[in-house]
There are 2 protein chains.
Amino acid sequence: MSRPVASADIFQAIADPTRRAILDQLRSGEQPVKQLAEPFEMSLPAISQHLQILCNAGLVSQQKSGRQRLYRLNPVPLQQVSEWVARYEPFWQQKLDALGDYLEENP
Amino acid sequence: MSRPVASADIFQAIADPTRRAILDQLRSGEQPVKQLAEPFEMSLPAISQHLQILCNAGLVSQQKSGRQRLYRLNPVPLQQVSEWVARYEPFWQQKLDALGDYLEENP
DNA sequence: CAATTAGTTAAGCATTCGCTTAAATTATTT
DNA sequence: AAATAATTTAAGCGAATGCTTAACTAATTG
């Protein structure tokens, strides 16, 4: 069998820079594959596979429109990431406060 | 070579669930490797390799203390993730608002 | 000093990943 | 109906990933 089998894991899905760039691009509205592929020096199938992974992770949805397929951003699963990382915010505040104090005491 | 070569990329570093769990564990303070490894059904070298990847990503630092090596959380690079994902918050707000409206209109 | 403890390095292996090219599918245009 | 356009499916490939076991290094203890 050949792959883009469901990663389905959000963290895995956003680990790849191309996929993050695709998501970034989709913030300006739904777009067909060809347009999404434009900024990348990569074959169309490669992009298609990335889109499938994003789809499996629930980060995009697609809708047929004539002979193109419009992909649309679904940001909801990113909340999972947001929530995870938010648990660390107190810690980096602390770190930065410590740095601030240090700089104050050692001008 | 079979190294845990420097990913150095934060998103890659947090893509693995074991590594995220290690980070989670480190929020309760610096810990030696053996203690960090305890919750996992995995060999010590495996954990050591994960720690090295976290180290390369700047997410942890280590400090020798006798014959143990204490690992400590450094959350600062996670801000990168936080900033990236924050750009999507307006979008999921929008999504949830739409859902809310829908539910109000279709009780 | 020999034995033990804590951890890392090294080497190897199976699986997954990101990509490619070629072929297939589906819809539109001529 | 034939040609073209948009995209996916398929197959394959090299590199990276996550793990293992075995061997090594360094600090502590008996």
Side-chain angles (χ1 to χ4, degrees), chain A residues 1-26 29-57 59-73, chain B residues 1-26 29-57 59-73:
Chain A
M1 271 190 283
S2 164
R3 179 190 2 319
V5 173
S7 226
D9 177 62
I10 311 295
F11 287 90
Q12 200 75 1
I14 64 169
D16 184 86
T18 302
R19 287 195 290 269
R20 287 200 302 281
I22 289 175
L23 293 176
D24 283 347
Q25 216 186 319
L26 280 172
E30 64 180 4
Q31 289 165 60
V33 178
K34 208 184 179 194
Q35 189 176 335
L36 282 169
E38 228 164 68
F40 305 101
E41 290 180 349
M42 200 180 294
S43 72
L44 224 71
I47 300 295
S48 186
Q49 286 159 20
H50 280 304
L51 284 169
Q52 204 155 316
I53 288 168
L54 291 172
C55 219
N56 287 133
L59 284 164
V60 304
S61 58
Q62 65 183 159
Q63 191 207 338
K64 273 211 259 189
S65 162
R67 67 183 145 185
Q68 34 189 25
R69 236 159 272 202
L70 296 177
Y71 279 84
R72 174 202 303 260
L73 177 65
Chain B
M1 274 188 290
S2 85
R3 270 291 173 54
V5 175
S7 244
D9 177 63
I10 309 297
F11 287 90
Q12 198 75 2
I14 65 169
D16 185 86
T18 303
R19 288 197 288 270
R20 286 200 302 281
I22 289 175
L23 292 176
D24 283 346
Q25 216 185 320
L26 279 174
E30 62 181 4
Q31 290 165 58
V33 178
K34 209 186 178 192
Q35 189 176 332
L36 283 169
E38 229 164 67
F40 305 101
E41 291 180 348
M42 200 181 292
S43 71
L44 221 69
I47 300 294
S48 187
Q49 286 160 19
H50 280 304
L51 284 169
Q52 204 156 316
I53 288 168
L54 290 172
C55 220
N56 286 134
L59 284 164
V60 305
S61 58
Q62 66 181 159
Q63 191 207 341
K64 271 211 261 189
S65 161
R67 68 182 146 189
Q68 32 189 27
R69 235 160 272 200
L70 297 176
Y71 279 84
R72 174 202 302 258
L73 176 64

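Sequence lines set the chain letters: A, B, ... in the order given, protein chains first and strands last, and positions in each chain run from 1. The model shown is predicted, which means the values in this text are computed figures rather than measured ones.
- Of all non-hydrogen atoms in A:M42 and A:T18, the two that sit nearest each other are CE-OG1, 3.6 Å.
- In this structure, the CD1 atom of B:I47 is 16 Å from the P atom of C:dA6, given to the nearest Å.
- Here the nucleotide nearest the side chain of A:L44, chosen from D:dT8, C:dG7, D:dT20, is D:dT8.
- Following rounding to the nearest Å, B:F11 (CZ) and C:dC17 (P) show an atom-to-atom distance of 18 Å.
- Both B:V33 and A:P45 lie close to DNA chain C; mapped to their nearest nucleotides by heavy-atom distance, the more 5′-ward contact belongs to B:V33.
- Here C:dA6 is the nucleotide among D:dT7, C:dA11, C:dA6 with the atom lying nearest to any side-chain atom of B:Q68.
- Phosphate contact (OP1/OP2 of C:dG7, side-chain N/O of B:K34, threshold under 4.0 Å): absent.
- Look at CD on A:Q63: it is 18 Å from P on C:dT26, rounded to the nearest Å.
- Spacing between atom CD1 of A:I22 and atom P of D:dT7 amounts to 13 Å, rounded to whole angstrom units.
- Taking side-chain N and O atoms only, A:S48 has no distance below 4.0 Å to OP1 or OP2 of D:dT7.
- Taking atom CD1 of residue B:I53 and atom P of nucleotide C:dT9, one finds them 13 Å apart after rounding to whole Å.
- No hydrogens or angles were tested; on distance alone, nothing pairs the side chain of A:Q52 with the base of D:dT7 as donor and acceptor under 3.5 Å.
- Phosphate proximity of C:dC17 to A:H50: absent, as no side-chain N or O sits under 4.0 Å from OP1 or OP2.
- The distance between atom CD of A:Q35 and atom C1' of D:dA6, rounded to the nearest whole Å, is 13 Å.
- Of the residues listed (A:R72, A:Q35, A:Q62, A:R69), the one engaging A:E30 in a side-chain hydrogen bond (donor to acceptor under 3.5 Å, both in side chains) is A:R72, and it is the only one.
- In this structure, A:L70 atom CG and C:dA27 atom C1' are separated by 14 Å, rounded to whole Å.
- Within the nucleic acid shown, A:Q62 comes within 4.0 Å of sugar-phosphate atoms alone, with no base atom in reach, counting heavy atoms only.
- Nearest heavy-atom pair, B:R20 versus A:D9, reported as atom, atom and distance to 0.1 Å: NH2-OD1, 4.2 Å.
- OP1 or OP2 of D:dG18 sits under 4.0 Å from a side-chain N or O of B:R19.
- Here CD1 of A:I47 is found 11.0 Å from CD of A:E38. Values are rounded to the nearest 0.5 Å.
- Contact annotation: the side chain of A:H50 approaches that of A:I22 to within less than 4.5 Å [non-hydrogen atoms, C-beta and beyond].
- In this structure, of D:dT8, C:dT26, D:dT21, it is D:dT21 that holds the atom nearest to the side chain of B:S43.
- Taking atom CD of residue A:E38 and atom C1' of nucleotide D:dT7, one finds them 15 Å apart after rounding to whole Å.
- Using a 4.0 Å cut-off, no side-chain N or O of B:Q12 falls inside it from OP1 or OP2 of D:dA16.
- A donor-acceptor pair is defined here as one N or O able to donate and one able to accept, closer than 3.5 Å; such a pair exists between the side chain of B:R19 and the backbone of B:A13.
- Comparing D:dA10, D:dT20, D:dT7 against the side chain of A:Q49 picks out D:dA10 as the nearest.
- When the nearest nucleotides of DNA chain C are assigned to A:R69 and B:L51 by heavy-atom distance, the more 5′-ward of the two goes with B:L51.
- The side chain of B:D16 lies closest to D:dG18, out of D:dG18, C:dT5, C:dT8.
- Applying the 4.0 Å criterion to OP1 and OP2 of D:dA6, one finds that A:Y71 has every side-chain N and O outside that range.
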